[in-house]
There are 2 protein chains.
Amino acid sequence: MHSDTGKPPTGWQAIRDDVVARIRARDWPPGGAIPHEAALAQDYGCARSTVNRALRDVAAMGLIDRRRKAGSRVALAPARRATLDIPLIEAEVTARGQSYGYALLSRDHGPAPLAVCARLGLPQGAPLLHLTALHLADGQPHMAEDRWINPEAVPGLLDVDFTTVSANAWLVRNMPYSEGELILTATQADAPRAEALDCAEGAALFTMERVTWIDDRPITLVRQFYAPGHRVVTQL
Amino acid sequence: MHSDTGKPPTGWQAIRDDVVARIRARDWPPGGAIPHEAALAQDYGCARSTVNRALRDVAAMGLIDRRRKAGSRVALAPARRATLDIPLIEAEVTARGQSYGYALLSRDHGPAPLAVCARLGLPQGAPLLHLTALHLADGQPHMAEDRWINPEAVPGLLDVDFTTVSANAWLVRNMPYSEGELILTATQADAPRAEALDCAEGAALFTMERVTWIDDRPITLVRQFYAPGHRVVTQL
DNA sequence: ATTCATAATATGTCTGCACATATTATCTGC
DNA sequence: GCAGATAATATGTGCAGACATATTATGAAT
């Protein structure tokens with residue numbers, strides 16, 4: 001379960017682990033201060049910068065709060081923090097040993113709905129490329145996506161043949177390094193979606209909505225509806 | 001939207017931002033190598049350790065891959081990484097300016113279902129404390145939770161009055177610093193859940209399942225069902 | 001050509017020192 | 001006692017240099 005990947009860490013990581021262990025063991029009580037860097041450096045027999053490196057990591061985990069002059073104190077209610085890795089769907093599917101498939105369901109270019117424009121911060125009726133597509137795992141529907149892309153911000157977009165390449169894959173290759181917002185929610189399958197995903201109408205679909213920008217220029221808005229039963233697993 | 005919180009960063013953060021900008025601008029092409037630390041240090045007129053600090057951050061963002069001797073290259077398919085902050089429900093609710101309420105729905109102590117024991121890695125029929133509770137926002141149902149706790153690993157558990165304190169809050173206070181696994185999914189509301197959440201039966205509920213351990217001893221398994229329409233927002 | 005030892009190289013880490021910065025503690029005059 | 005100036009202090013950041021480690025490139029021997 002908790003696979004020790006081998007050897008115990010050394011150097012600053014060893015210090016970090018020791019500090020974490022002492023916090024978990026309540027060696028330093030919640031809300032209390034821990035020794036300052038210089039003292040710890042002496043304890044561990046290393047330079048203060050090494051302790052600093054370790055404590056910075058512990059702070060990043062949310063276990064301690066650090067403030068200048070005030071020192072470091074053990075967090076009372078440590079923030080739980082989970083990191084979601086969002087791979088390409090293809091990688092996600094093949095990583096599970098399933099075969100990956102993709103099908104474009106529809107393609108439209110024209111004025112987008114008001115809600116979509118608003119979400120992207122574009123004027124009403126801006127012309128966007130609208131794609132709906134289906135991602136398959138072992139031939140079974142795995143995820144249905146509904147995507148708008150801004151041709152203004154994506155040169156060459158309208159010439160791409162999205163029947164063979166998924167928009168996601170193309171965008172990652174051609175417009176990488178964008179920033180964005182991710183929204184997780186659950187939606188009920190409406191009739192067309194239920195048909196696409198081959199599930200009951202009204203089924204609960206895990207849903208991810210992403211909006212991405214490059215330099216404050218909106219690139220794409222995509223809503224991805226996963227087939228019922230999909231689970232996203234992460235450590236915290 | 002993209003709130004510049006004020007001044008431009010200085011020092012190593014400025015270098016990090018500049019490197020990120022140059023990658024986004026395709027100054028260094030995807031898959032290509034970027035100058036090595038010593039060269040960059042000379043460019044920026046700083047010490048190599050400062051560049052190292054900056055590049056470590058860029059690597060943590062997934063924009064570059066670094067390997068000894070091979071140098072740093074721009075990632076071809078940068079992993080999208082989103083960080084979920086999981087606050088206490090109470091904080092989550094009050095942060096939105098709503099009033100928070102809590103109600104215990106049921107409390108049981110006895111052998112747990114097989115599936116639950118398996119999930120926690122406990123022998124079949126282990127006695128666990130089973131709680132169901134409701135969290136309210138402005139008096140409206142906000143989230144229903146279904147929780148099993150292992151009294152073996154949580155001293156004093158059976159004496160706690162969970163009618164006034166939520167299990168989550170108590171555990172965070174008394175058993176902090178645990179590790180765990182988080183699963184995100186969507187479920188349909190069954191009859192009792194629909195009644196608790198005051199929503200239609202069959203509604204799509206955003207669901208979080210958490211299992212936490214301390215030192216490989218299972219603490220708790222909780223499934224939290226959010227009222228329809230709940231959205232988790234995060235940056236990436 | 002293939003294999004294996006060896007050198008070269010970029011990153012990883014550590015040290016000791018210095019100064020910057022934020023925040024708390026203390027002292028001062030009123 | 002209180003407000004405001006001043007000192008003290010813990011962390012944040014930076015530098016130059018050193019060695020460690022992983023990995024690639026090179027050259028020698030077969």
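Below, chains carry the letters A, B, ... as their sequence lines are ordered, and counting in each starts from 1. Since the structure is predicted, the reported quantities are computational estimates derived from the model, not experimental observations.
- Paired with A:Glu37 under the rule salt bridge (charged side-chain N to carboxylate O under 4.0 Å, His left out), one option of A:Arg48, A:Arg68, A:Arg56, A:Arg53 passes, and it is A:Arg48.
- Whole-Å rounding puts the B:Leu40 CG to D:dG14 C1' distance at 17 Å.
- One can place CG of A:Asp65 at 13 Å from P of D:dT11, the figure rounded to the nearest angstrom.
- If you take CG on A:Asn168 and CG on A:Leu131, they are separated by 11.5 Å, rounding to the nearest 0.5 Å.
- Rounded to whole Å, the distance from CD on B:Gln42 to P on D:dA16 is 11 Å.
- Comparing D:dG12, D:dT9, D:dT13 against the side chain of A:Lys69 picks out D:dT9 as the nearest.
- Taking atom CZ of A:Arg66 as the reference point, atom P of C:dT21 lies 18 Å away to the nearest angstrom.
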Distances under 3.5 Å between nitrogen or oxygen atoms of protein and nucleotides 26-28 of chain C:
none

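- For B:Ala70, the listed nucleotide lying nearest its side chain is D:dT24; candidates were D:dT11, C:dT13, D:dT24.
- Distances shorter than 4.0 Å separate none of the side-chain N or O atoms of B:Thr10 from OP1 or OP2 on D:dT13.
- Expressed to the nearest 0.5 Å, how far SG of B:Cys46 lies from CD1 of B:Ile15 amounts to 3.5 Å.
- Separation of atoms OG1 (A:Thr185) and CD (A:Glu209) is listed at 9.0 Å; rounding is to 0.5 Å.
- One finds no side-chain N or O of B:Gln13 lying less than 4.0 angstrom from the OP1 or OP2 phosphate oxygen of D:dG12.
- With sequence neighbours left out, the side chain to side chain donor-acceptor pair (under 3.5 Å) criterion links A:Glu145 to A:His135, A:Arg147, A:Gln224.
- Rounding to the nearest 0.5 Å places CD1 of B:Ile89 at 11.0 Å from OH of B:Tyr102.
- Rounded to whole angstrom, the span from the CZ atom of A:Arg68 across to the C1' atom of D:dT11 amounts to 6 Å.
- For B:Ala38 and A:Gly11, each mapped to the nucleotide of DNA chain C holding its nearest heavy atom, the one lying further toward the 5' end belongs to B:Ala38.
- In this structure, the CZ atom of B:Arg67 is 9 Å from the C1' atom of D:dT24, given to the nearest Å.
- Looking only at side-chain heavy atoms (C-beta outward), A:Trp170 and A:Val154 come within less than 4.5 Å of each other.
- Taking all atoms of both residues into account, the shortest heavy-atom contact from B:Asn150 to B:Leu157 is C-CD2, 4.3 Å.
- Classification of the B:Phe206-A:Phe206 ring pair by plane angle, with boundaries at 30° and 60°, yields parallel.
- Within residues 26-37 of chain A, no residue is approached by DNA chain C to less than 4.0 Å at the level of any non-hydrogen atom.
- Less than 4.0 Å separates DNA chain D from at least one heavy atom of each of the following residues of residues 46-64 of chain A: A:Arg48, A:Asn52.
- In this structure A:Arg16 satisfies the salt bridge (Lys or Arg N to Asp or Glu O under 4.0 Å) test together with A:Asp57, sequence neighbours excluded.
- Atom pair A:Tyr44:OH and C:dT13:C1' shows a separation of 18 Å (rounding to whole Å applied).
- Atom OG1 of A:Thr220 sits about 6.0 Å away from atom CG of A:Leu171, to the nearest 0.5 Å.
- Residue pairs meeting the side chain to side chain donor-acceptor pair (under 3.5 Å) criterion with at least one partner in residues 81-91 of chain A, sequence neighbours excluded, are A:Arg81-B:Asp85, A:Asp85-B:Arg81.
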